[in-house]
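See below for the structure under consideration.
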Amino acid sequence: MPELAEVYYHSSHWKAAQGERFRLAWLHDKTRCARGLASEALAGKLSSSTLLSGYTHGKRMLFAFSGSCFLEVHLGMTGSLHRMDVDYEERKHDHLALKSEASTLLFRDPRQFGKLALHETEGGKLPDWWEALPPEPHDVAFTSERFESVLKRREKAVLKGLLLQQELFPGVGNWMADEILWRARLRPDRRLGSLSQAERDALYRELRWVCRESLRIIGKDYSDPPKSWLFTHRWKDGGICPKSKLPLKRETVAGRTTCWSPEVQR
DNA sequence: GAGCCTGTTCGGGC
DNA sequence: GGCCCGAACAGGCT
């Protein structure tokens with residue numbers, strides 16, 4: 001599930017516990033998600049530490065704790081964050097829990113494609129690598145010049161695969177890429193080099209629009225976008241394009257399940 | 001029971 | 001070297 005706006009929404013569950021003092025309740029460090037992080041190490045760092053703030057960037061999250069300690073979380077395909085009651089009891093696929101006097105913060109991930117990591121910095125400032133992340137598409141720093149520079153030497157790339165590259169368009173995932181291409185009226189299997197300048201401009205415009213709007217709608221309370229979006233039609237068998245009212249097509253493009261509207265996208 | 005999957009990484013090929 | 005692609009990862013759901 002988690003792409004840009006869903007990640008932001010999940011982070012808000014943990015952010016609701018800002019100011020609470022936590023200790024490690026459990027980390028299953030044999031889970032793939034732990035990637036070598038040992039529960040003793042995490043317990044040592046997070047013994048009675050206060051959650052100061054939470055940040056998101058694309059599909060990444062970073063939670064700052066007192067003691068210059070940062071917990072990085074990536075949700076992968078099936079990860080989720082929850083804030084439960086203080087007496088919450090562990091269930092299958094709960095890999096990490098932090099407990100305060102008031103709540104249990106939980107990381108759950110059945111397929112274990114998610115990732116947990118611990119970072120420390122001098123004086124509690126954000127890690128350098130975090131500060132150096134490229135601008136997100138909805139950011140004011142993501143200018144059309146930035147967009148064009150990112151596209152350099154990628155003229156042979158298939159549009160669908162291009163949009164999924166996190167180092168270029170952090171946060172864009174499978175459904176967002178389909179939504180962007182549908183709004184830009186571009187077939188997902190087009191190569192970047194075949195686009196006219198007007199089509200490149202449309203791609204830039206719709207990329208930014210979908211990121212901004214999904215954050216506004218989904219990021220706030222996990223609402224579904226309106227029926228006018230491809231989002232609400234794309235997974236149903238026999239889905240109908242909200243623009244053309246004709247059947248949507250579903251095929252694998254750039255290795256991913258892709259939905260598009262043949263009459264709308266050229 | 002087989003097939004599918006909203007993500008990332010890695011190895012191979014060009 | 002740079003870029004692209006497909007497979008692998010694991011488990012729940014249809």
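Chain identifiers are assigned alphabetically (A, B, ...) following the order of the sequence lines, protein sequences preceding nucleic acid strands; residue numbering begins at 1 within each chain.
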(request) Fill in the dot-bracket string of DNA chain C, one character per base: . for unpaired, | for a pair to another strand, ( ) or [ ] for pairs within the strand, taking Watson-Crick or G-U pairs under 3.5 Å. (result) .||||||||.||||
(message) Stacking between C/dC9 and A/F113, yes or no? Criterion: centroid separation under 5.5 angstrom, plane angle under 30 degrees.
(response) yes
Rounded to whole Å, how long is the line connecting atom [atom1] of [X] with atom [atom2] of [N]?
X	N	atom1	atom2	result
A/D109	B/dT6	CG	P	15 Å
A/D94	C/dG12	CG	C1'	15 Å
A/F169	B/dT8	CZ	P	14 Å
A/L163	B/dG7	CG	C1'	15 Å
A/H57	B/dG7	NE2	P	17 Å
A/E6	B/dT6	CD	P	12 Å
A/Y222	B/dT6	OH	P	14 Å
A/L151	C/dC3	CG	P	12 Å

Does [X] reach a base, just sugar-phosphate, or nothing at all? Heavy atoms under 4.0 Å.
X	answer
A/R32	base
A/R191	sugar-phosphate
A/A254	nothing
A/K59	sugar-phosphate

(message) I want to confirm an ordering. Mapping A/R153 and A/P110 to their closest nucleotides on DNA chain C, which one lands closer to the 5' end?
(response) A/R153
(request) State yes or no: are the ring centers of A/H119 and A/W129 separated by less than 6.0 Å? (result) yes
Quick one: do [X] and [Y] make a salt bridge, cutoff under 4.0 Å?
X	Y	value
A/E199	A/R190	yes
A/K152	A/E145	no
A/E120	A/K45	yes
A/D189	A/K160	no

(request) Mark yes or no: A/R183 above the aromatic ring of A/W229, with NZ or CZ under 6.0 Å from the six-membered ring centre and no more than 45 degrees from the axis. (result) yes
Check whether any side-chain N or O of [X] sits under 4.0 Å from OP1 or OP2 of [N], and answer yes or no.
X	N	result
A/K92	C/dG11	no
A/Q112	C/dC9	no
A/H74	B/dG7	no

Check nucleotides 3-5 of chain B against the protein and report each pair of N or O atoms closer than 3.5 Å, with its distance, or say if there are none.
from, atom 1, to, atom 2, distance (Å)
B/dC5, OP1, A/T257, OG1, 2.8
B/dC5, OP2, A/T257, OG1, 3.2
B/dC5, O5', A/T257, OG1, 3.2
B/dC5, O2, A/R111, NH1, 2.7

(message) Quick check for you: to the nearest 0.5 Å, what is the distance between A/W130 atom CH2 and A/L62 atom CG?
(response) 5.0 Å
(message) I'd like to know whether A/K99 forms a salt bridge (Lys or Arg N to Asp or Glu O under 4.0 Å) with A/E90, so could you lay out the CA-CA distance, the side-chain angles of the two residues, the decisive distance to 0.1 Å, and finally the verdict.
(response) CA-CA 12 Å; A/K99 279 193 189 284; A/E90 175 175 8; over 6 Å; no
(request) Determine the Euclidean distance between corresponding P atoms of C/dA7 and B/dG3; express it in Å to zero decimal places. (result) 14 Å
(message) Suppose you measure atom P in C/dG6 against the same atom in B/dC4; what distance do you get, rounded to whole Å?
(response) 15 Å
(request) State plainly whether one hydrophobic cluster holds both A/L151 and A/I180, where clusters connect Ile, Leu, Val, Met, Phe, Trp and Tyr through side-chain heavy atoms under 4.5 angstrom apart. (result) yes
(request) Give the C-alpha distance, both sets of side-chain angles, the deciding distance and a yes or no for salt bridge (Lys or Arg N to Asp or Glu O under 4.0 Å) between A/R208 and A/E213. (result) CA-CA 9 Å; A/R208 306 237 307 156; A/E213 284 298 293; over 6 Å; no
Is it the case that the side chains of [Y] and [X] hold a donor-acceptor pair, with the cut-off being a distance below 3.5 Å and no angle test?
X	Y	result
A/S100	A/R21	no
A/T50	A/E20	no
A/Y9	A/S11	no

For nucleotides 11-14 of chain B, tabulate all protein N/O to nucleotide N/O atom pairs closer than 3.5 Å, reporting atom names and distance.
none

